[in-house]
Amino acid sequence: MTTALLAPAATLPRVRSAVTSLPPYVPGRRADSAAIAPLASNESHFAPLPSVLDAVASAATRINRYPDAAAVELRDRIAASVGVSADEVVVGPGSVGVLQQLVTAVCDAGDEVVFGWRSFEAYPLLVTLAGARPVAVALTASEQHDLDAMADAIGPRTRAVLLCTPNNPTGTTIDGAALDRFLARVPRDVLVVIDEAYLEFAAPGRRLDAVARYRRHGNVVLLRTFSKAYGLAGLRVGYAITHPTMAEALRRTGLPFAVNSLAQAAAIASLDAEAELAERVTTLIDERERLAGELHDLGWTLPDSQANFVWLRADEPRREHLLAAFDDADILVRGYAGDGVRITVADRAANDRVLRVLATSGLTR
Ligand SMILES: *Cc1c(COP(=O)(O)O)cnc(C)c1O
């Protein structure tokens, strides 16, 4: 009822200022018909694998029971696949859920978290919600993390630095040698989170060996997800690789039973289907390269994306023009105020629709 909203604010329970300061949640247009191409959320366009659906159906017969709170089998399987021990693996409801656990574990009110910008939109939100202060450091002109400026931004209140590679929304990767120079400059008590949500989509020669950095530096944490290459966005499961002491802290900051039993079963079945999933990733990478090549031929300038999306930088009038053109064509893409448009790579037919819009938008760059 609207009466409650009309009551004088002083009579309502108080909401923390960290919460009221956040931008209001604006739901995007939903792809509620098959004619609409959903290219706004970097999801997998492949249907779930039959073996994964079977595992979910079988787990569904036991939903009267709580899930395994410690996710023992899933953590064992992740540990084996990454080459670490299970006590270095923390699972959570999406890697965003794990990131919230991390920020909650390390930040007191007024502490700072440094990240590149533009990057993943959840970063400033989660930091602000924890009562900490987001410190956004601009990307370079070539859309890369400016690791020197990020190291300079680390101060006495800095508790964590968030690095996203490949970066959402630009698709750019962090170079291994540059990362090593950066890690040498970061104080050992500052957490360095390497968010690898799009790791699988990087060309083999462009993949950062983040696990090696994790082994060398006690403050490095890796974040990974089953939402993108593994195609389980709807089930919410991701994980961190972190040193056992931090892993224990993360388990304390997570909600009990946060990863449900269907998600655990689907993630295990997906690890069993790595080869099939890898084929899908190869197909996706080929399509990304085709799309990027055609865009270059059309006169677009774009960074070399190593993720499952492409990034078109565009100032505000151009961005609005592009968004209107995509909307008219029933293609959902992601616009970022003042910065540009991110388009998820999908199947050939959907990518061709994207190309047609960009060929006729009259807005090459
Ligand atoms: C999609 C994405 C994630 C994964 O989110 P989930 O919560 O695991 O679905 C994490 N980081 C970045 C940068 C992403 O784009």
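Just so you know, ligand 1 is whichever comes first in the structure, and atom 1 is the first atom listed for that ligand. Quantities reported herein were computed from a predicted structural model and do not represent experimental measurements. Atoms considered below: every heavy atom in the structure, side chains included; atoms not considered: hydrogens, waters and symmetry mates.
When only interatomic distances are considered, the shortest N/O to N/O separation between Val96 and ligand 1 falls below 3.5 Å. For ligand 1, the polar-atom distance check against Asn168 finds a nitrogen or oxygen pair separated by under 3.5 Å. Ligand 1 has a nitrogen or oxygen under 3.5 angstrom from a nitrogen or oxygen of Asp195.
Proximity of the aromatic rings of Tyr336 and Trp117 is defined here by a centroid distance below 6.0 angstrom, and this criterion is not met. For Phe182 and His145, the distance between ring centers is not under 6.0 angstrom.
With a 4.0 Å heavy-atom cut-off, ligand 1 is reached by the backbone of Ser95 and by its side chain too.
In this structure, the protein non-hydrogen atom closest to atom 15 (O) of ligand 1 is Tyr198 OH, 2.6 Å.
Shown in contact with Arg236 at under 4.0 Å from a heavy atom are these atoms of ligand 1, numbered in order with element: 6 (P), 7 (O), 9 (O). Residue Ala197 approaches ligand 1 through these ligand atoms, each under 4.0 Å from one of its heavy atoms: 2 (C), 3 (C), 10 (C), 11 (N), 12 (C), 14 (C). Every atom of ligand 1 with a heavy atom of Lys228 under 4.0 Å away is listed here by number and element: 1 (C), 2 (C), 3 (C), 4 (C), 14 (C), 15 (O). Near Cys164, meaning under 4.0 Å from any of its heavy atoms, are these atoms of ligand 1: 13 (C). Heavy-atom proximity to Ser227, at under 4.0 Å, picks out these atoms of ligand 1: 6 (P), 8 (O), 9 (O).
Under a 4.0 Å N-O distance rule, the pair Glu112/Arg157 does not qualify as a salt bridge.
Seen from the ring of Phe309, Arg342 counts as a face-on cation partner, given the 6.0 Å and 45° thresholds.
For the pair Arg188 and His217, the minimum side-chain heavy-atom distance is 4.5 Å or more.
Distance check, rounded to the nearest 0.5 Å: CD1 of Ile343 to CG of Asn308 gives 12.5 Å.
For Phe226, the heavy-atom gap to ligand 1 stays at 4.0 angstrom or more. For Ala233, the closest heavy-atom approach to ligand 1 does not fall below 4.0 Å.
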| task | Step by step, work out the side chain to side chain contact (heavy atoms under 4.5 Å, CB included) result for Phe46 and Thr283. | result | CA-CA 11 Å; Phe46 293 100; Thr283 304; 4.3 Å; yes
| message | Could you go through Glu43 and Lys228, starting from their C-alpha distance and side-chain angles, then the distance that decides it, and tell me whether this counts as salt bridge (charged side-chain N to carboxylate O under 4.0 Å, His left out)? | response | CA-CA 5 Å; Glu43 298 144 332; Lys228 308 285 161 56; over 6 Å; no
